[in-house]
2 protein chains.
Amino acid sequence: MNQRQGHPLTDRAPVARSGSGYSAWRLIAEELRLDIDGGRLHAGDRLPTENVLAERFGVNRHTARQAIAALAEEGLVESRRGSGTFVTGHAVRLHRIGLRTRMTSSLGDEGASATIHVLNSVVEDAPSDVARRLGLEFRRAVRVETTRSAGGQQISVSTHWFDLERLPDIATALRRTGSVTAALRASGIDDYVRASTVVGARHATASESELLLLGPGAIVLVTEALDTLPDGVPLQYLITRFAAQRVRLDIEHARPD
Amino acid sequence: MNQRQGHPLTDRAPVARSGSGYSAWRLIAEELRLDIDGGRLHAGDRLPTENVLAERFGVNRHTARQAIAALAEEGLVESRRGSGTFVTGHAVRLHRIGLRTRMTSSLGDEGASATIHVLNSVVEDAPSDVARRLGLEFRRAVRVETTRSAGGQQISVSTHWFDLERLPDIATALRRTGSVTAALRASGIDDYVRASTVVGARHATASESELLLLGPGAIVLVTEALDTLPDGVPLQYLITRFAAQRVRLDIEHARPD
DNA sequence: CGGGGTTGTCTAGATAAATAGACAACTTGA
DNA sequence: TCAAGTTGTCTATTTATCTAGACAACCCCG
């Protein structure tokens with residue numbers, strides 16, 4: 001995801017230290033994760049030895065070990081006594097975002113296995129900004145919380161809002177079908193398009209970390225999106241939090257033809 | 001950027017603790033930043049008192065104070081003895097990404113003031129993946145590092161690659177014009193389009209934190225993009241790191257007409 | 001079959017972060 | 001003016017993190 005000047009694994013500046021609010025081993029772990037996610041270290045590659053890492057980052061070997069232990073707990077690397085620490089693999093999924101973004105079919109080759117699970121649904125007065133975007137007259141909306149997993153990994157957590165008058169039974173349809181597209185079709189809507197998407201990033205909250213099986217302080221990619229009918233009538237407002245360490249958003253631009 | 005169940009500022013779960021690699025005050029600071037960035041706390045609003053925050057997060061008052069001090073150092077809040085701590089303001093910019101993404105004109109209303117500064121430029125053998133995307137035959141490429149600021153704030157850091165044969169003088173043109181669009185026009189290219197954009201997020205490296213004036217451990221939004229001629233011939237490969245706390249990416253979808 | 005190099009584990013000590021309590025300085029509203 | 005409530009500052013103590021060194025267990029190659 002990033003280039004680095006100079007040789008991939010050398011010339012590393014010592015970690016920022018003391019007073020940052022981040023422990024040394026955490027910062028080292030994140031740096032190593034960069035090398036793995038960024039493709040400078042591939043599955044099967046051996047990491048630098050603990051002594052080399054300790055010297056490079058200017059810390060004790062035990063501190064470097066703790067960084068490796070954190071990555072090992074995530075399943076990103078595997079240590080073998082006597083021989084070294086190796087990258088086990090990294091599954092970064094591409095989530096496609098475009099005019100016809102679909103939750104269950106956008107995860108690349110393995111997309112077929114993506115499934116949606118409904119956590120809960122409530123009828124409520126939508127927050128004012130949501131009501132405005134959905135064009136709600138009386139603010140009554142159905143809010144549904146869902147999670148999505150693929151290939152045994154938690155991918156994202158979403159909050160959906162639908163117009164209660166237009167789609168009173170959307171929650172049960174979502175539960176039954178496990179798909180937004182199918183649930184909308186069951187409500188008589190055969191096609192819809194993505195009107196707008198805004199992307200941000202921040203640290204995960206405690207509950208998001210729990211749902212997505214992330215370590216504390218992990219990063220989430222946050223998208224806020226509006227789906228509409230082809231004629232522009234708002235259907236669904238949607239906030240999705242993706243586990244940034246597992247997902248990249250692949251933005252589809254219309255072709256110039 | 002996120003909704004929270006229940007009342008905006010109550011029902012907060014205690015911070016994840018001890019062993020996470022994140023100090024308590026850092027996690028609290030990030031939670032408070034969420035309330036500000038997310039619009040639950042507006043400029044001029046008073047934060048809960050230090051005692052309330054300490055109790056809510058299950059920490060000592062001194063720890064809560066340290067979180068506030070971190071936000072104050074960023075200029076996000078301001079403490080006044082005897083009266084409280086107040087939100088000074090938060091400027092989140094929208095960076096538009098679409099078919100005709102332009103670096104100097106995409107920052108919303110205030111976009112006109114965005115300026116690009118060239119840090120350095122070198123001629124090098126492009127990394128293999130970059131060479132492949134640019135369709136380089138002999139891998140020789142011009143790499144340019146730039147920063148972009150707007151309204152007195154650092155917005156992003158970018159790494160550009162151009163085909164050396166096609167655009168030998170792009171670096172000097174960039175320096176002179178301060179704009180990719182203008183530099184390309186000076187090279188006889190009047191129009192270009194965005195072919196692909198991939199978005200991720202991760203912690204900032206030490207050098208990125210320095211260039212973007214971020215605290216250690218801040219988050220960057222990372223986009224990898226390819227610009228081409230309207231007929232699809234690759235022009236520029238581009239990796240941009242945005243300060244996530246100041247920028248949201250606004251994705252433009254083609255209209256269904 | 002060595003022997004150098006690697007990870008795993010233990011002990012001990014030094015440094016940093018968080019807790020605990022107290023009180024001063026200041027603001028606000030009754 | 002006064003009292004309650006707020007932030008600022010200080011000291012002391014406890015807890016967590018990092019450092020330091022040593023050695024065992026194990027792998028791999030010559």
Side-chain angles (χ1 to χ4, degrees), chain A residues 9 12-32 41 44-88 215-217, chain B residues 9 14-32 41 44-88 215-217:
Chain A
L9 289 175
R12 188 70 53 84
V15 201
R17 301 294 295 289
S18 180
S20 71
Y22 300 83
S23 59
W25 65 264
R26 170 62 66 184
L27 290 170
I28 293 169
E30 295 304 328
E31 286 275 326
L32 291 175
L41 284 170
D45 285 0
R46 202 184 78 169
L47 261 62
T49 71
E50 295 173 350
N51 279 315
V52 169
L53 287 176
E55 189 181 3
R56 172 171 308 154
F57 289 107
V59 298
N60 190 273
R61 182 180 151 229
H62 292 83
T63 308
R65 276 178 62 74
Q66 199 167 1
I68 291 173
L71 296 177
E73 195 165 1
E74 290 182 35
L76 213 57
V77 301
E78 201 176 57
S79 292
R80 288 201 282 277
R81 170 184 289 195
S83 96
T85 302
F86 300 83
V87 177
T88 54
Chain B
L9 288 175
V15 201
R17 303 294 294 291
S18 178
S20 70
Y22 300 84
S23 58
W25 64 264
R26 169 62 67 185
L27 291 171
I28 293 169
E30 295 304 328
E31 286 273 326
L32 290 176
L41 283 171
D45 285 0
R46 203 185 77 168
L47 262 62
T49 71
E50 296 173 348
N51 279 315
V52 169
L53 286 175
E55 189 182 3
R56 172 171 306 153
F57 289 107
V59 299
N60 190 273
R61 181 179 151 227
H62 292 82
T63 308
R65 274 178 63 75
Q66 199 165 2
I68 290 173
L71 296 178
E73 195 165 3
E74 289 183 35
L76 214 58
V77 301
E78 202 176 56
S79 292
R80 290 200 282 276
R81 171 186 290 197
S83 101
T85 301
F86 300 82
V87 177
T88 54

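Computed from a predicted model, the values in this text were never measured in an experiment. Proteins come first, then strands; the chains are lettered A, B, ... in the order of their sequence lines, and each starts at number 1.
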Residues passing the side-chain hydrogen bond (donor to acceptor under 3.5 Å, both in side chains) test with A/N60, sequence neighbours excluded, are A/H62
Of the options D/dA22, D/dA20, D/dG8, whose atoms approach the side-chain atoms of B/E50 most closely?
D/dG8
Counting distance alone, no hydrogens or angles: does the base of D/dG8 have a donor or acceptor under 3.5 Å from a partner atom on the side chain of B/R61?
yes
Atom CD of B/E55 and atom C1' of C/dA20 are separated, to the nearest Å, by 16 Å
Can you check the B/N60 CG to D/dC10 P distance for me, whole Å?
17 Å
Which protein N or O atoms sit under 3.5 Å from an N or O of nucleotides 2-5 of chain C?
unit_1	atom_1	unit_2	atom_2	d
C/dG5	N2	A/G82	O	3.1

Side chain of A/S23 (C-beta onward), nearest among D/dT17, D/dT7, D/dT19:
D/dT17
To the nearest 0.5 Å, what is the distance between CZ on B/R26 and CZ on A/R26?
13.5 Å
Across all chains, not counting sequence neighbours, the side-chain contact (heavy atoms from CB on, under 4.5 Å) partners of B/R61 are B/E50, B/N51, B/A54, B/R65
5' precedence on DNA chain D between B/R80 and A/H62 (nearest-nucleotide basis):
B/R80
D/dT7 phosphate, OP1 or OP2: any side-chain N/O from B/T85 under 4.0 angstrom?
yes
Among C/dT7, D/dT7, C/dA18, find the nucleotide with the atom closest to the side chain of B/R65.
D/dT7
So if I take the C1' atoms of five pairs at each end of the helix from C/dC1-D/dG30 to C/dA30-D/dT1 and get each local axis, what angle do the two axes make, rounded to 10 degrees?
30°
Has A/Q66 got a side-chain N or O lying under 4.0 Å from the OP1 or OP2 atom of D/dT17?
no
Please confirm whether the shortest side-chain N or O distance from B/W25 to OP1 or OP2 of C/dA18 is below 4.0 Å.
yes
Identify, with sequence neighbours excluded, every residue that meets side-chain contact (heavy atoms from CB on, under 4.5 Å) alongside A/E78.
A/R80, A/T88
Residues which pass side-chain contact (heavy atoms from CB on, under 4.5 Å) with A/E73, listed by chain and number, not counting sequence neighbours
none
Counting only N and O atoms by type, is there a donor-acceptor contact under 3.5 Å from the side chain of A/R46 to the main-chain atoms of A/S83?
yes
Taking only residues two or more places apart in sequence or in another chain, which ones pass side-chain hydrogen bond (donor to acceptor under 3.5 Å, both in side chains) with B/S79?
B/T85
Which whole-number value in Å describes the distance from A/F57 CZ to D/dT19 C1'?
18 Å
Given atom CZ of B/F86 and atom C1' of C/dT27, what is their separation to the nearest angstrom?
10 Å
To the nearest 0.5 Å, what is the distance between CD1 on A/I28 and CG on A/L71?
10.5 Å
What is the distance from atom CD1 of B/I68 to atom OG1 of B/T49, rounded to the nearest 0.5 Å?
8.5 Å
Rounded to whole angstroms, how far apart are OH on A/Y22 and P on C/dA17?
14 Å
